[in-house]
There are 4 protein chains.
Amino acid sequence: MAEAGVAASERRRPAVAGGKRQQNTERIRRALFDAAARVVGELGYAEASIARITEAAGVAQGTFYNYFASRQDLLNQLLPALGEEMLAHIAAEVRGISGEVEREERRFAAFFGFLQQRPAFFRILNEAELFAPQGFRQHFENIAEGYLAALRHAHARGALPGFTEEELEPLVFLLMAMRSYTSMRYAYTEGGQARRPPDALWSAYAKLMRHGLAGTGPAPGKPQKR
Amino acid sequence: MAEAGVAASERRRPAVAGGKRQQNTERIRRALFDAAARVVGELGYAEASIARITEAAGVAQGTFYNYFASRQDLLNQLLPALGEEMLAHIAAEVRGISGEVEREERRFAAFFGFLQQRPAFFRILNEAELFAPQGFRQHFENIAEGYLAALRHAHARGALPGFTEEELEPLVFLLMAMRSYTSMRYAYTEGGQARRPPDALWSAYAKLMRHGLAGTGPAPGKPQKR
Amino acid sequence: MAEAGVAASERRRPAVAGGKRQQNTERIRRALFDAAARVVGELGYAEASIARITEAAGVAQGTFYNYFASRQDLLNQLLPALGEEMLAHIAAEVRGISGEVEREERRFAAFFGFLQQRPAFFRILNEAELFAPQGFRQHFENIAEGYLAALRHAHARGALPGFTEEELEPLVFLLMAMRSYTSMRYAYTEGGQARRPPDALWSAYAKLMRHGLAGTGPAPGKPQKR
Amino acid sequence: MAEAGVAASERRRPAVAGGKRQQNTERIRRALFDAAARVVGELGYAEASIARITEAAGVAQGTFYNYFASRQDLLNQLLPALGEEMLAHIAAEVRGISGEVEREERRFAAFFGFLQQRPAFFRILNEAELFAPQGFRQHFENIAEGYLAALRHAHARGALPGFTEEELEPLVFLLMAMRSYTSMRYAYTEGGQARRPPDALWSAYAKLMRHGLAGTGPAPGKPQKR
DNA sequence: AATGAATGAGCTTTCATTCAT
DNA sequence: AATGAATGAAAGCTCATTCAT
């Protein structure tokens with residue numbers, strides 16, 4: 001909202017070196033946002049009351065409403081913001097890999113890697129559909145769109161020979177499903193620390209991607225670098 | 001809602017014979033259970049207050065605590081009970097099919113078929129993880145266990161040649177993931193009526209099961225019988 | 001609400017002697033109502049918080065919502081209920097008086113008499129228009145309607161010879177105006193006790209009613225009995 | 001709303017000359033005052049928050065407290081200031097009329113005329129008693145005093161022959177009552193535009209003033225010039 | 001065993017005022 | 001003198017659970 005029109009740095013007093021006021025508000029906004037991510041990550045959306053969030057951020061309850069229109073407003077922003085981080089993380093991990101199957105395997109593993117370094121994401125992702133549906137939809141579209149574009153690209157290159165154009169969307173959902181749902185199974189946080197999935201998951205996924213349930217052919221093992 | 005509870009004429013009197021008493025308490029327990037399923041199916045767990053459930057069951061609020069230890073207690077029982085129904089439904093549909101891939105395709109479709117005839121299940125399944133975690137876990141184990149047993153059986157028969165014993169459990173999770181998650185995407189209830197997924201879902205799933213992302217080979221189409 | 005349909009005494013269990021439960025709920029409803037009247041009378045609508053009302057009634061805050069749908073709901077009921085009392089009081093005082101001017105003088109004085117014995121009414125009446133507009137409208141219509149009917153009756157008997165039919169409604173408003181507004185001026189409660197207007201008010205009113213601003217003719221003095 | 005405040009281009013710089021500073025603070029005080037009148041006129045006292053007033057005036061919230069001790073302080077000044085305007089308006093309309101009854105009729109009509117051209121006054125007048133009691137009292141005394149002086153003058157001239165000296169004050173209140181209260185009934189603003197009372201009001205008032213409830217004698221009709 | 005009213009902790013949100021900049 | 005963000009008390013309302021009847 002605030003950033004529309006005038007550049008933030010020029011909005012008030014000629015600005016000596018960024019403006020202390022300016023910096024401070026940005027710090028508080030971040031503090032609230034991070035506090036919310038932490039609280040939701042630990043306790044879930046349902047327990048993420050304004051009281052808890054502001055306390056975690058170290059500000060008064062009323063301060064919250066200087067930065068967000070409502071509790072729901074902030075809650076809706078949580079997932080899309082973290083989703084962008086995730087996308088960037090995965091994109092970085094996949095860069096340079098050739099072969100669609102290999103890329104997909106790397107994406108799958110990178111997703112779990114991100115969960116490892118951002119444990120709060122796990123719960124936020126899983127609860128958002130119910131507690132922050134608007135934010136969830138936005139995130140979902142972000143991800144699905146990018147995913148679909150990647151598969152279409154691959155399809156155009158002839159990389160997914162058996163599938164028709166129309167089957168790509170369902171395929172995206174199936175792939176997202178395995179990621180997301182499996183994370184609930186395997187990556188349940190334990191004492192704030194995300195659990196790592198077993199090696200068998202990587203190989204099972206790889207085999208499924210390469211040969212379906214038949215699963216025959218060379219088992220490539222878990223992607224190395226991750 | 002209220003009409004589906006205990007008939008008003010039978011609500012008050014203590015009942016004549018001893019057996020009748022038994023029956024009566026069973027009837028009330030059932031009424032509460034069904035009312036809860038209906039309410040959660042329609043409005044979700046969050047809106048399933050004791051007030052609403054008891055009203056739908058046609059009993060007083062206090063009566064609730066003669067049958068269930070707490071709201072959470074009943075909520076936890078919801079999914080496992082419906083899950084058994086689902087299991088029976090799928091088992092019936094798969095009976096007599098040979099070929100593990102064909103069986104899995106049938107299971108996948110039968111899951112959606114069950115959703116069609118029990119729309120409340122959809123919401124209960126999707127929200128239980130958050131609102132009735134204990135019930136969810138129980139249900140999950142029920143399903144996963146049966147699923148794993150089936151795959152082990154198939155594996156023993158040599159039906160899943162590419163997979164190792166340890167990979168069967170992850171595989172179960174991956175398969176359940178696609179089912180469950182896709183149902184959220186495709187089977188969103190619309191006005192109480194469950195939407196059917198598009199044909200491309202069935203073929204995409206079939207191809208993935210038969211050949212992985214390569215997807216080459218004969219596309220078998222959607223399972224016939226339903 | 002509750003009294004609709006089934007007589008209260010017959011609604012539950014055959015009723016031995018009124019039912020302790022029954023009596024109790026009635027007692028609490030009354031306690032809340034009276035507490036609200038007291039609080040509004042003393043502190044005004046704006047200060048009549050649920051906390052204050054329930055504390056004054058000696059019940060928990062949550063109890064309030066077993067009896068009234070909302071704070072506004074109770075607030076809206078306050079004035080009409082007291083208005084009925086007032087109407088009854090005035091009707092009793094006017095009974096048997098003949099002569100329209102004499103009746104009007106008696107009504108005027110009876111209004112102040114009621115204020116004397118129900119000091120809370122004063123503030124409730126004066127603030128309701130802003131804080132309980134719905135209740136105010138209902139009360140206003142109650143009063144204006146009865147007043148208009150009385151004047152029409154008098155007019156039909158030839159008692160208000162100079163006025164046309166259409167002028168009766170404005171006349172009602174002018175008469176109500178003097179009552180109500182003057183009460184604010186003269187009857188300001190002082191330490192919970194309503195102040196009495198000076199004798200000159202009665203004679204000024206009487207003269208105005210009898211001769212207008214000309215005011216000539218016998219000054220009848222303040223109505224005796226009251 | 002915002003456009004009526006201080007011109008943006010003049011808001012910042014401290015002003016060059018000394019006299020300019022003076023003017024500037026006067027301009028801001030005025031802007032706040034006018035903004036408050038506008039906001040209260042449109043939304044009522046209860047909605048007239050500092051945030052809204054300062055926004056409408058085009059200054060920061062904190063600035064408010066350089067000009068007024070508190071929100072209540074400004075609110076209390078609103079009615080007396082507008083009351084002076086009203087007094088001037090009525091005085092101008094009555095000038096040159098002879099005959100006390102005719103003067104009173106003209107005052108009555110002039111009051112409604114002022115409401116017509118200053119619609120905000122309507123709400124401010126009606127709500128002030130509750131939300132700005134101090135300001136209301138001051139205004140009331142202003143008006144009543146002037147009114148009483150006028151009647152005393154008339155009385156001294158023998159214009160109100162039937163009334164005693166002591167009855168003049170109550171009479172003033174009765175007359176003010178009809179004005180003020182009737183304005184609430186008839187002049188309710190509709191879409192920002194004040195509604196005009198019906199013709200029957202003028203004649204009913206005139207008759208009451210001339211002959212009391214008897215009302216006999218020539219009906220003079222609504223005052224012409226307004 | 002059934003009733004249904006009482007409880008009170010907890011929630012989100014508003015806003016006059018303060019004060020560092 | 002002007003700014004505008006921070007404050008925190010207070011509001012209305014909900015609901016699982018208890019318990020006297």
Side-chain angles (χ1 to χ4, degrees), chain A residues 11-13 16 19-25 28-29 46-54 58-72, chain B residues 6 11-15 21 24-25 28 46-55 59-72, chain C residues 11-13 16 19-22 24-25 28-29 46-54 58-72, chain D residues 6 11-15 21 24-25 28 46-55 59-67 69-72:
Chain A
R11 234 183 311 156
R12 190 133 326 281
R13 350 207 126 223
V16 182
K20 242 188 190 170
R21 272 263 194 80
Q22 223 52 232
Q23 280 173 35
N24 201 29
T25 70
I28 294 188
R29 164 168 247 110
E47 301 294 308
S49 64
I50 299 291
R52 261 198 262 262
I53 294 171
T54 50
V59 299
Q61 290 206 35
T63 301
F64 183 92
Y65 292 89
N66 291 334
Y67 293 90
F68 300 95
S70 67
R71 175 180 177 266
Q72 205 51 241
Chain B
V6 180
R11 227 184 310 158
R12 201 79 52 207
R13 316 245 138 257
R21 175 88 67 112
N24 201 29
T25 69
I28 294 184
E47 301 293 306
S49 62
I50 298 289
R52 258 199 263 260
I53 293 172
T54 50
E55 196 208 318
V59 301
Q61 287 203 49
T63 302
F64 185 92
Y65 290 88
N66 290 333
Y67 294 89
F68 300 95
S70 68
R71 174 180 178 266
Q72 206 49 243
Chain C
R11 236 182 312 155
R12 191 138 320 288
R13 349 208 126 223
V16 183
K20 245 188 188 169
R21 274 263 194 80
Q22 223 53 231
N24 202 29
T25 69
I28 295 187
R29 166 169 244 112
E47 300 294 308
S49 64
I50 300 290
R52 261 199 262 260
I53 292 171
T54 50
V59 299
Q61 291 204 35
T63 301
F64 184 92
Y65 292 90
N66 290 334
Y67 293 89
F68 301 95
S70 68
R71 175 180 177 266
Q72 205 50 241
Chain D
V6 180
R11 229 186 307 161
R12 202 79 55 204
R13 317 245 138 256
R21 174 86 69 111
N24 200 29
T25 69
I28 294 185
E47 301 293 306
S49 61
I50 298 289
R52 259 200 263 261
I53 292 171
T54 50
E55 196 209 320
V59 301
Q61 287 202 47
T63 302
F64 184 93
Y65 291 87
N66 290 333
Y67 294 90
S70 68
R71 175 180 177 266
Q72 206 49 244

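Hydrogens, waters and symmetry mates are skipped; everything else that's a heavy atom, side chains included, is used. What you see is a predicted model, and the numbers here were worked out from it, not measured in a lab. The chains referred to below are lettered A, B, ... by the order of the sequence lines, with proteins before strands, and numbering in each begins at 1.
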(message) What's A:Thr25 touching, base or sugar-phosphate or nothing? Going by heavy atoms closer than 4.0 Å.
(response) sugar-phosphate
(request) Hey, could you give me the CD/OG distance between C:Gln61 and C:Ser49, rounded to the nearest 0.5 Å? (result) 7.5 Å
(request) For D:Ile53 and E:dC15, give me the distance from atom CD1 to atom C1', rounded to whole Å. (result) 12 Å
(request) Using a cut-off of strictly less than 4.0 Å, decide whether C:Thr63 has a side-chain nitrogen or oxygen near OP1 or OP2 of E:dA5. (result) no
Report each atom pair, protein N/O against N/O of nucleotides 10-14 of chain E, whose distance is under 3.5 angstrom.
residue: E:dT12; atom: OP1; partner: A:Arg71; partner atom: NE; Å: 2.6
residue: E:dT12; atom: OP2; partner: A:Ile50; partner atom: N; Å: 3.0
residue: E:dT13; atom: OP2; partner: A:Tyr65; partner atom: OH; Å: 2.6
residue: E:dT13; atom: OP2; partner: A:Arg71; partner atom: N; Å: 2.9
residue: E:dT13; atom: O5'; partner: A:Tyr65; partner atom: OH; Å: 3.3

(message) For the OG1 atom of C:Thr63 and the CZ atom of C:Arg29, what is their distance to the nearest 0.5 Å?
(response) 13.0 Å
(message) Strictly distance-based, threshold 3.5 Å: is any side-chain N or O of C:Arg71 a donor or acceptor partner for the main-chain N or O of C:Ile50?
(response) no
(request) Output the distance between atom OH (C:Tyr67) and atom CD1 (C:Ile28), rounded to the nearest 0.5 Å. (result) 4.0 Å
(message) I want to verify a distance call: between E:dA2, E:dA6, F:dA2, whose nearest atom is closest to the C:Asn66 side chain?
(response) E:dA6
(message) Please convert DNA chain E into dot-bracket. A pair counts if it is Watson-Crick or G-U wobble with both distances under 3.5 Å; crossing pairs go in [ ] and bases paired with another strand get |.
(response) .||||||||||||||||||||
(request) Return the value, rounded to whole Å, for the distance between atom CD of D:Glu55 and atom P of E:dC15. (result) 13 Å
(request) Nearest whole angstrom, please: distance from the C1' of F:dG4 to the CD of A:Gln23. (result) 17 Å
(request) Working to the nearest 0.5 Å, report the span between CZ of C:Phe68 and CG of C:Asn66. (result) 11.0 Å
(request) Take A:Val59 and D:Tyr67, find for each the nucleotide of DNA chain F with the closest heavy atom, and name the residue whose nucleotide sits nearer the 5' end. (result) D:Tyr67
(message) Counting the atoms with a prime plus P, OP1 and OP2 as sugar-phosphate, which does B:Phe68 contact under 4.0 Å by heavy atoms, base, sugar-phosphate, or nothing?
(response) nothing
(message) Using the salt bridge (charged side-chain N to carboxylate O under 4.0 Å, His left out) criterion, which residues pair with A:Arg52? Sequence neighbours excluded.
(response) A:Glu47
